[in-house]
Structures are given as structure tokens and as C-alpha cells.
**Q** 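My structure is below; once you've seen it, I'll send some questions.
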Number of protein chains: 2
Amino acid sequence: MSESVSPPAPAGTGPSGRPRRSDATRTAILTAARERFAAEGYERATIRAIAKDARIDPSMVMRYYGSKEGLFAAACVFDLHLPNLDGTPSQDVGRTLVNHFLDMWEENEVLTALLRVGVTNTAAAERMQEIFKEQLLPVVRQASPDAGAPARAALVASQILGMALTRYVLRFPVTVALSREEIVDWLAPTVQRYLTADKP
Amino acid sequence: MSESVSPPAPAGTGPSGRPRRSDATRTAILTAARERFAAEGYERATIRAIAKDARIDPSMVMRYYGSKEGLFAAACVFDLHLPNLDGTPSQDVGRTLVNHFLDMWEENEVLTALLRVGVTNTAAAERMQEIFKEQLLPVVRQASPDAGAPARAALVASQILGMALTRYVLRFPVTVALSREEIVDWLAPTVQRYLTADKP
DNA sequence: CCTGTTGGTCAACGCTTGTTGGCTAACGTA
DNA sequence: TACGTTAGCCAACAAGCGTTGACCAACAGG
């Protein structure tokens, strides 16, 4: 928690600093870390392997990110970029959301990393929960302004994360073989119902 | 794969042998292993910790199960005990299945272990896939006899596993707080639709 | 009673892990 | 040019891991 005095490493991005000479290395480490965490989870993604991917010494990782936990925290800053659904016809919000989530999952490995690590790492699980709470919940409130929004968001998350789990993490062959269109056609009505249907 | 000749340990349950004196220890190890794997995943569940839980020496685990992988394989033999849906009115199969899965997840930690480990361990992921293929797929075929049964089973799995993930593994507070009835009321129509609705 | 088999402990092995500190060399200003 | 700062490598540490083999104690059958 406390910053040590003597080492010159600022430990985080200097808020008002100009670009440092080591920024390339820093992002190389971060990129390698994301790939490894996403592919192998927390324990199997070793600092040594990440450093080798980034073509630097393992000790550099410690210098720039303090510890493995610090590295993971830095690697998992993430924004879902959920679209504003104001202009979307209310019967299309389910389809729009499912499409957006699939995009997010396929273009960005941070979500896979977060899911793979969160299963064994409490900090990552809480981080994931925060993301869904802070980013999905407001959208859900917009789509269904009754008091049950948190529960509706949780239901949406269960279906979205279940699809991500079986398709991108566990990689069930049948699920992987489904086309984007099939997935959207099947999941959109589910999400739509969780968002807008009366409580059963 | 090959049984070594000299050591007297039969390595597996003797198919025609009478009960051994060490059976109590064997099951103690297996119970402890299931708990640890379910709670912490593969890498964090150390043989030493499992042995301590079972109040025996770590080397016993090796003697009885050969290796950590062997122990995990033995700990994850599992039967979903899916009910025969022949006598169930066809509009109730969704509700019946959701209820059954929730029962399974709450009374047996093997599923949690399998999910937590499968996320980082290919063998466990394949094991989970087998279970769903061999045990869920036939039930799905029974409920929807068209050619799309594998895809329908995959969709059901995505929703069931997503709920299990967020409720029993990631433990999202809102999801944990949902009552059994709420979950069933919301998820049953989803599963029902995946099983019996026309392809969208 | 003896003797082979089984159940169990103990101490150590080789290896990998995260982490540390000291050293060199390049940079950038004064 | 001189010198403090930064970027980077190297070698090592302590701890924990799965795994092994030697050794002891309790049992069972002749």
C-alpha cells in the first residue's frame, strides 16, 4: 500500500508526466500478460513466461508493476463500451446487447482473462462483478425502470457469461461451431425477456 | 498408463476384491480432494493440503492415486442423475431440468470442482463436456427429436452453467441472493424454449 | 509363533515460483 | 564533458510444489 521512498519507479502511470522512455516495454509487458492470463489463468501464467514473451527480464515486471497481483490489476482495467440504448427500439435491446457482448469477447482478451482468473481468484471475481455492476446495471435500468433491475442484470449476466464460458473458455465444440447469427437469434429473446418481461 | 509390477498397490479399486482395510483412508482423501478442488481450483489445491485435511501423509495420495492428475480424475467421476422425462408434461421439462440442476449443484461439490478446474485444465474441461454430451444430450433428444438436439443442448448448458458460474463460483451477491423460486421462474422458460421452440 | 503383505510416516530430492538487490550501460540535461 | 537518472540484465534467495524411496508398525494366514 505504501510507496517506498528510495526506488525511483513511479509504480503507476504518472498522472501529469510526459511519456517515459520505457512506455514501449510497459505496454509490451501488459500485452503479454493479458495473453497469458487469458490463455492460462492466474497461476499458470508465470511472470517468467510473461517476461519472455515481452522479451525482457522478469525483474522488470516487478519494477514496473510491483508484484504479480499488481500486474494483473493493471492488465484488467477494462471498459465494456456498452452502447447507449436510448435510440434503440425497445424490442431490439436484447439483440443489440448480445451482439455487443459477442463483439467485446472476440476482439478483446481482457474479458477472457478476467473470467479465467476470476474463477480461482477472489480479486478478479470482484473486479468482474464491479464491471457488470457499474457498466451493465445502468443500461438495464434504462431498459427496465422497475425496482428489479439488479436481478434482471444478474440474469442477463448469467446467460452472457454462460455463453462466453462454454464458447471461449471451456470451448465446447458444439458451442464453438454455432454461428454468430444462431447465437444471437437464440440468446436475444432470452436477454430481451430478462430485461423487459413482467416478473414471472 | 502401464501398471508397475513390484509395488503392491492396485492403483484402482480392485474389480473383484473384497473391501480393503484402507478404504476409509481412500475415501477420506477423495472427500478432501473434492472440497479443495471445488474451493480453490487445480493449482491452489495442493496435495499437501488435501493430505492434511484427510489427516494422512502426502505420500499416501501418490500411492493410492498415482499422481495429482490421477487424484483429480478419481475425484471427478460423476453422474448427473438426470431424471427420465417421459412422464413429464412437455411444457414442464424446462422447469424440471432447472430444478434438477440446482439440486445437483447444491448437494454435490464435484460439479463446482469440475467447473473451477475446467477453466484452466483441459482434461477437466473435456470431462465436463463429456458429462454434458453423454448425460444431457440424450434427455434433450427425448424432449426435441429434431436434428438440432446438440445445438439445443449446448444452449441449455450455456444458461445452466452461466447461472452456476455466477451463483456458485463467482458468487455475485445479487445472484446469490436470488431465491430458488425466482431462479426457476426466470430460467425455466429459457430452457424450455431452447428445448422445444422452433429454430428462430 | 513366525512371516509376508498391507497401511502408514519421515525425510529428502529436484524443480519452479515470486521476489530482491546489485551491477552495467544508455540517456538527457547543465 | 560530466553526472544524476533511467532502463535493463544477472544471479541469487526462500518458499512451496509434486514426487520418491527407505523405513516402521500392524495385521493375517500358515
Side-chain angles (χ1 to χ4, degrees), chain A residues 3-14 17-30 32-33 36-37 40-75 117 120-121 123, chain B residues 3-14 17-30 32-33 36-37 40-75 117 120-121 123:
Chain A
E3 308 276 9
S4 48
V5 187
S6 27
T13 310
R18 66 190 169 296
R20 276 162 305 200
R21 200 154 34 102
S22 60
D23 280 353
T25 301
R26 288 179 131 90
T27 67
I29 294 175
L30 233 43
R36 287 276 175 178
F37 282 132
E40 327 187 61
Y42 192 77
E43 352 276 342
R44 296 168 107 105
T46 67
I47 290 201
R48 283 170 155 92
I50 292 169
K52 181 172 277 186
D53 290 353
R55 277 185 246 274
I56 45 92
D57 191 87
S59 62
M60 298 301 296
V61 179
M62 306 303 296
R63 194 188 277 254
Y64 290 149
Y65 298 100
S67 68
K68 191 177 181 181
E69 277 195 37
L71 173 62
F72 180 75
V117 172
T120 25
N121 183 304
Chain B
E3 308 276 12
S4 50
V5 187
S6 27
T13 310
R18 66 190 170 295
R20 277 163 304 200
R21 203 157 27 107
S22 60
D23 280 352
T25 302
R26 289 178 130 91
T27 67
I29 293 175
L30 233 44
R36 287 276 175 178
F37 282 131
E40 328 188 58
Y42 191 76
E43 353 276 342
R44 296 167 107 105
T46 67
I47 290 201
R48 283 168 154 91
I50 293 169
K52 181 172 277 186
D53 290 353
R55 277 186 247 274
I56 43 92
D57 192 87
S59 61
M60 298 301 296
V61 179
M62 307 303 297
R63 195 189 280 251
Y64 290 148
Y65 297 100
S67 68
K68 191 178 181 179
E69 277 195 39
L71 172 63
F72 180 74
V117 172
T120 24
N121 183 304

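To find a chain, count down the sequence lines: A is the first, B the second, and so on, and within it residues start at 1. Quick caveat, the model's predicted, so the values are computed rather than measured.
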**Q** What is the separation between atom CZ on A:Arg55 and atom P on D:dC10, rounded to the nearest whole Å?
**A** 15 Å
**Q** Does a side-chain N or O from B:Thr25 land closer than 4.0 Å to OP1 or OP2 of C:dG8, or not?
**A** yes
**Q** Can you give me the closest heavy-atom contact between A:Asn121 and A:Ala123, atom names plus distance?
**A** OD1-N, 2.9 Å
**Q** List every contact pair, protein side and nucleotides 16-19 of chain D side both N or O, where the distance is under 3.5 Å.
**A**
from   : atom 1 : to      : atom 2 : distance (Å)
D:dG18 : OP1    : B:Ile47 : N      : 3.4
D:dG18 : OP1    : B:Lys68 : NZ     : 2.9
D:dG18 : OP2    : B:Ile47 : N      : 3.1
D:dG18 : N7     : B:Arg48 : NH1    : 2.5
D:dG18 : O6     : B:Arg48 : NH2    : 3.1
D:dT19 : OP2    : B:Lys68 : N      : 2.9

**Q** The criterion is side chain to side chain donor-acceptor pair (under 3.5 Å); which residues satisfy it with B:Ser22, sequence neighbours excluded?
**A** B:Arg26
**Q** Mind calculating the distance between CZ (B:Arg26) and C1' (C:dG8) to the nearest angstrom?
**A** 13 Å
**Q** Rounding to a whole Å, what distance do you find between B:Ile29:CD1 and C:dG7:P?
**A** 11 Å
**Q** So which atom in A:Ala51 and which in A:Val61 form the shortest heavy-atom distance, rounded to 0.1 Å?
**A** CB-CG2, 4.3 Å
**Q** To the nearest Å, give me how far apart CG (A:Asp23) and C1' (D:dT6) are.
**A** 12 Å
**Q** If I compare all heavy atoms of B:Glu40 with all of B:Ala45, which pair ends up nearest, and what's the gap?
**A** CB-N, 4.3 Å
**Q** Show your working on side chain to side chain contact (heavy atoms under 4.5 Å, CB included) between A:Met62 and A:Ile47 and close with a plain yes or no.
**A** CA-CA 9 Å; A:Met62 306 303 296; A:Ile47 290 201; 3.7 Å; yes
**Q** Return the value, rounded to whole Å, for the distance between atom CD1 of B:Ile56 and atom C1' of C:dT6.
**A** 16 Å
**Q** Whole-Å distance between D:dG21 P and B:Asp57 CG?
**A** 15 Å
**Q** Carefully, step by step, assess A:Glu43 and A:Thr120 under the rule side chain to side chain contact (heavy atoms under 4.5 Å, CB included).
**A** CA-CA 9 Å; A:Glu43 352 276 342; A:Thr120 25; 4.0 Å; yes
**Q** So, does A:Ser22 get its side chain near the phosphate of D:dA7, meaning an N or O under 4.0 Å from OP1 or OP2?
**A** yes
**Q** Between P on C:dT17 and CD1 on A:Ile50, what's the gap in Å once rounded to a whole number?
**A** 11 Å
**Q** Where do B:Ile29 and B:Asp53 land on the side chain to side chain contact (heavy atoms under 4.5 Å, CB included) test, with the steps shown first?
**A** CA-CA 8 Å; B:Ile29 293 175; B:Asp53 290 353; over 6 Å; no
**Q** Within the sub-3.5 Å range, which N or O atoms of nucleotides 23-28 of chain D have a protein N or O partner, and how far apart are they?
**A**
none

**Q** Testing the basics here: between A:Pro58 and A:Arg48, what is the closest heavy-atom pair and its distance to 0.1 Å?
**A** CG-CG, 4.1 Å
**Q** Does the plane of the ring in A:Tyr42 sit parallel, tilted or perpendicular to the ring in A:Phe37? Use 30° and 60° as the thresholds.
**A** parallel
**Q** When you get a sec, tell me which of C:dG8, D:dC10, C:dC10 is the closest nucleotide to the side chain of B:Met60?
**A** C:dG8
